[in-house]
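Below, read A as the first sequence line, B as the second, and so on, with proteins coming before strands; counting in each chain starts at 1.
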Amino acid sequence: MSFMVEKAGMLTLVQDLGRWGHQFRGLTVSGPMDQFSLRMGNAMLGNDENDAALEVTLFGLSIVFSEERCVVLSGADLAMKIDGSPAPAWMVHHVKQGSRLAITGVGTVGCRAYLCVSGGVDVPLVMGSRSTFTKGKIGGYKGRALAAGDVVATGEPNPLWRKSAGLVCPVELRPLRGKDEPIYASDGPQVDAFTEKGIATFYGETYTVSENIDRMGYRLDGPVIEHVSGPDIVSDGIVHGSVQVPGDGKPIVLMADRQTTGGYTKIAVVSAWSAAQLAQRLQGDKVRFARVTEKEATELLVKYEASLRKLHETRATYRTR
Amino acid sequence: MYDNPKFLGSGDSCLVVEFSDGIEMAANIALQNLRRALTLRKTVGVREFVPTYRSLSIHHDPIKLPRDKLEDIVRKELFNLKDSSETEKRVLVMPVVYGGEYGPDLRNVAEHTKLDESEVIKRHTSTDCYCYMLGFTPGFSYLGGMDESLATPRLKSPRVLIPAGSVGIAGKQTGAYSIDSPGGWQLIGRTPLRLFDPEDAENPTLIDAGDWIRFSAISEKEYLDIKNDVDSGRYKPEKIIERAQSEGGVA
């Protein structure tokens with residue numbers, strides 16, 4: 001079973017939860033910009049939560065299926081059509097052999113969606129993962145974004161895959177919050193390299209998502225954050241959400257395709273939860289940071305896990321109807 | 001190096017254990033020892049360890065393994081490590097064909113250092129180099145310990161494409177390019193070893209942080225023979241395990 005890409009859209013990448021375990025080799029993790037939406041999409045189909053899906057940025061994608069399957073679009077509620085009829089995001093749809101699925105426009109919130117297919121997207125595992133790392137030309141579909149004409153295989157779905165058709169994720173369980181939710185962050189390893197004034201600026205002022213955003217990082221515009229003596233350090237580790245402040249005093253939040261190590265001071269680290277929220281914002285969107293402890297940041301993950309469990313239960317009862 | 005390593009926050013899913021704010025071999029050896037001890041523990045909830053020049057990042061699942069529990073475990077291991085002075089020294093022998101088309105900048109280095117080319121080769125192969133960390137590209141090793149008389153500035157204009165395996169000098173640093181990439185290092189030779197192989201699911205990178213590299217001069221014929229064996233999967237890189245001196249080895 002496979003699907004053929006008619007139009008690739010702005011940026012369409014195969015991603016699973018990432019190529020973990022190789023950062024010590026200098027290898028980027030990659031994986032989804034919004035792990036929470038990907039995991040929920042897979043849960044709705046009864047897939048393994050690490051199954052690969054298409055990370056779709058904005059619109060333009062159009063694919064044709066070679067066989068029937070179930071699909072769901074999670075994350076941003078982009079406008080989707082199946083064989084010309086509107087097909088809402090966060091709902092499991094059945095596609096027939098020869099069905100055409102198109103992402104035709106933006107929705108009410110977010111810019112990145114996950115098109116999950118029962119059985120998952122099947123590309124070769126590279127170093128334990130199907131995630132695409134375009135800069136390193138590793139993983140995914142031939143190490144690159146999808147292009148028109150590509151034929152992409154999907155995996156063997158579980159025997160009950162048809163039963164999910166029609167399932168809708170309750171609105172209150174969906175992980176995507178509005179653009180007003182603060183971006184929760186805890187102190188970074190070099191918080192001491194900033195003046196009290198610099199730290200107050202970072203948490204007190206409003207920043208704007210600049211035009212320099214990609215899967216590696218989000219550069220933000222806004223008031224300059226003051227260092228004690230300078231921005232350079234002997235390189236140390238970087239995580240998803242690390243907030244680097246280089247010499248110009250403007251924060252850069254590092255994302256899925258981040259490098260493994262870096263030599264700039266890190267004032268804060270965005271919580272895993274909020275890193276996914278930020279990844280759904282676009283140029284011009286506002287960002288306000290809120291200082292939390294690591295424990296408080298972990299609570300956000302605990303809440304998500306509860307929602308995910310609820311979604312699994314919803315799916316279980318749906319199937320028995 | 002700090003008397004006691006610092007625990008630094010790095011978000012909800014990572015703890016940084018920092019040993020120094022500079023580049024010191026003693027600090028790096030200490031963090032490698034901690035990494036090894038923690039790896040042997042196989043703690044549930046630990047995702048991976050990332051050693052850098054001066055710190056160990058411990059990525060963890062905060063739901064399975066909360067931060068305070070992780071810190072307790074690290075503290076215990078650091079205490080146990082205080083008594084262990086003896087560590088092993090893992091040496092990878094890296095055969096290199098120096099000069100000619102393989103090392104087009106050997107002459108630059110000889111001119112800059114006012115040494116014969118043969119003397120440059122002799123000094124480059126005379127000291128073991130320590131791998132502090134990997135980064136930049138997968139498998140690229142940041143090495144320290146090169147004979148400092150060989151220090152030569154980078155090229156004024158970087159090359160667009162440097163073949164994988166190229167061995168170069170940049171200031172006091174030496175190292176080998178792990179994949180074809182642009183770069184400005186002075187290229188003095190090339191190793192036939194494959195430093196990064198994404199097809200190798202078990203061990204895609206040959207060098208690990210904490211390893212020592214012993215450069216060994218080979219002829220062009222030996223280079224081609226070894227390259228042939230590497231390409232056909234027959235070559236087994238020479239790895240030696242030595243017992244390091246209690247002072248922590250050659251610095």
Side-chain angles (χ1 to χ4, degrees), chain A residues 19-29 124-128 133 135-139 143 184-192 233-243 259-263 266 268-275 292-302 304-305, chain B residues 6-18 20-24 27 35 39 47-59 61-63 66-68 132-142 178-179 181 195-210:
Chain A
R19 192 164 285 108
W20 288 90
H22 301 287
Q23 290 184 84
F24 74 92
R25 306 181 200 279
L27 190 74
T28 292
V29 177
L125 280 170
V126 178
M127 296 167 74
F133 175 40
K135 280 200 178 85
K137 300 187 180 76
I138 287 171
Y184 300 105
S186 54
D187 286 351
Q190 284 87 40
V191 66
D192 293 343
I233 53 167
V234 173
S235 291
D236 78 341
I238 282 174
V239 301
H240 195 152
S242 289
V243 185
Q259 64 276 34
T260 55
T261 58
K266 295 173 280 295
V269 177
V270 170
S271 64
W273 172 261
S274 292
V292 294
T293 63
E294 283 112 9
K295 215 170 188 170
E296 287 164 336
T298 304
E299 285 308 311
L300 298 164
L301 296 175
V302 172
Y304 169 78
E305 294 296 333
Chain B
K6 292 182 187 170
F7 289 1
L8 303 175
S10 191
D12 46 51
S13 310
C14 181
L15 170 69
V16 173
V17 186
E18 186 176 273
S20 167
D21 55 7
I23 301 173
E24 291 170 81
R35 173 196 180 197
T39 303
R47 289 194 178 122
E48 65 179 300
F49 303 102
V50 185
T52 67
Y53 272 118
R54 59 200 181 88
S55 63
L56 183 69
S57 293
I58 305 171
H59 294 257
D61 177 342
I63 295 176
R67 171 66 48 84
D68 46 357
Y132 283 96
M133 61 186 255
L134 303 179
F136 172 54
T137 57
F140 184 91
S141 49
Y142 289 87
S178 55
I179 56 174
S181 53
L195 301 173
F196 177 62
D197 179 7
E199 303 293 309
D200 184 343
E202 294 278 291
N203 233 340
T205 43
L206 189 59
I207 303 169
D208 192 5

Between B:Y142 and chain A, with a heavy-atom cut-off of 4.5 Å, which part of the residue counts as in contact: side chain, backbone, both or neither?
neither

Heavy-atom distance under 4.5 Å between the side chains of B:N203 and A:R25, does that happen here?
yes

So which of A:G139, A:G237, A:P189 has the biggest tally of heavy-atom pairs under 4.5 Å with chain B?
A:P189

Heavy-atom distance under 4.5 Å to chain B: side chain of A:H22, backbone, both or neither?
both

Is B:S10 close to chain A through its backbone or its side chain, or both, or neither, when contacts mean heavy atoms under 4.5 Å?
both

Under 4.5 Å from a heavy atom of chain B, the part of A:S271 involved:
both

From B:D12 CG over to A:Y184 OH, what is the distance, rounded to the nearest 0.5 angstrom?
13.5 Å

At a heavy-atom separation under 4.5 Å, does B:E202 approach chain A through its side chain, its backbone, both, or neither?
backbone

Check against side-chain contact (heavy atoms from CB on, under 4.5 Å), B:D21 and A:Q190:
CA-CA 11 Å; B:D21 55 7; A:Q190 284 87 40; over 6 Å; no

Take B:M133 and A:S235 through the test side-chain contact (heavy atoms from CB on, under 4.5 Å) and record every step on the way to the result.
CA-CA 10 Å; B:M133 61 186 255; A:S235 291; 4.2 Å; yes

Structural part of A:Q259 lying under 4.5 Å from a heavy atom of chain B:
neither

Chain A: which of B:P204, B:P62, B:P51, B:S181 shares the most heavy-atom pairs with it under 4.5 Å?
B:P204

So do the side chains of B:Y53 and A:T261 get within less than 4.5 Å of each other, counting heavy atoms only?
no

Of the backbone (N, CA, C, O) and the side chain (C-beta and beyond), which part of A:L301 lies under 4.5 Å from a heavy atom of chain B, both, or neither?
both

Non-hydrogen atoms of chain B under 4.5 Å away: do they reach the side chain of A:S186, the backbone, both or neither?
side chain

A:D187, part contacting chain B, at a heavy-atom distance under 4.5 Å
backbone

Pairs of heavy atoms under 4.5 Å with chain A: top-ranked of B:H59, B:E18, B:R47, B:R67
B:H59

Heavy-atom pairs under 4.5 Å with chain B are the metric here; pick the option from A:L125, A:V239, A:T293, A:T260 that has the most.
A:V239

Do you know which of B:A209, B:P198, B:S13 has the most heavy-atom pairs under 4.5 Å to chain A?
B:P198

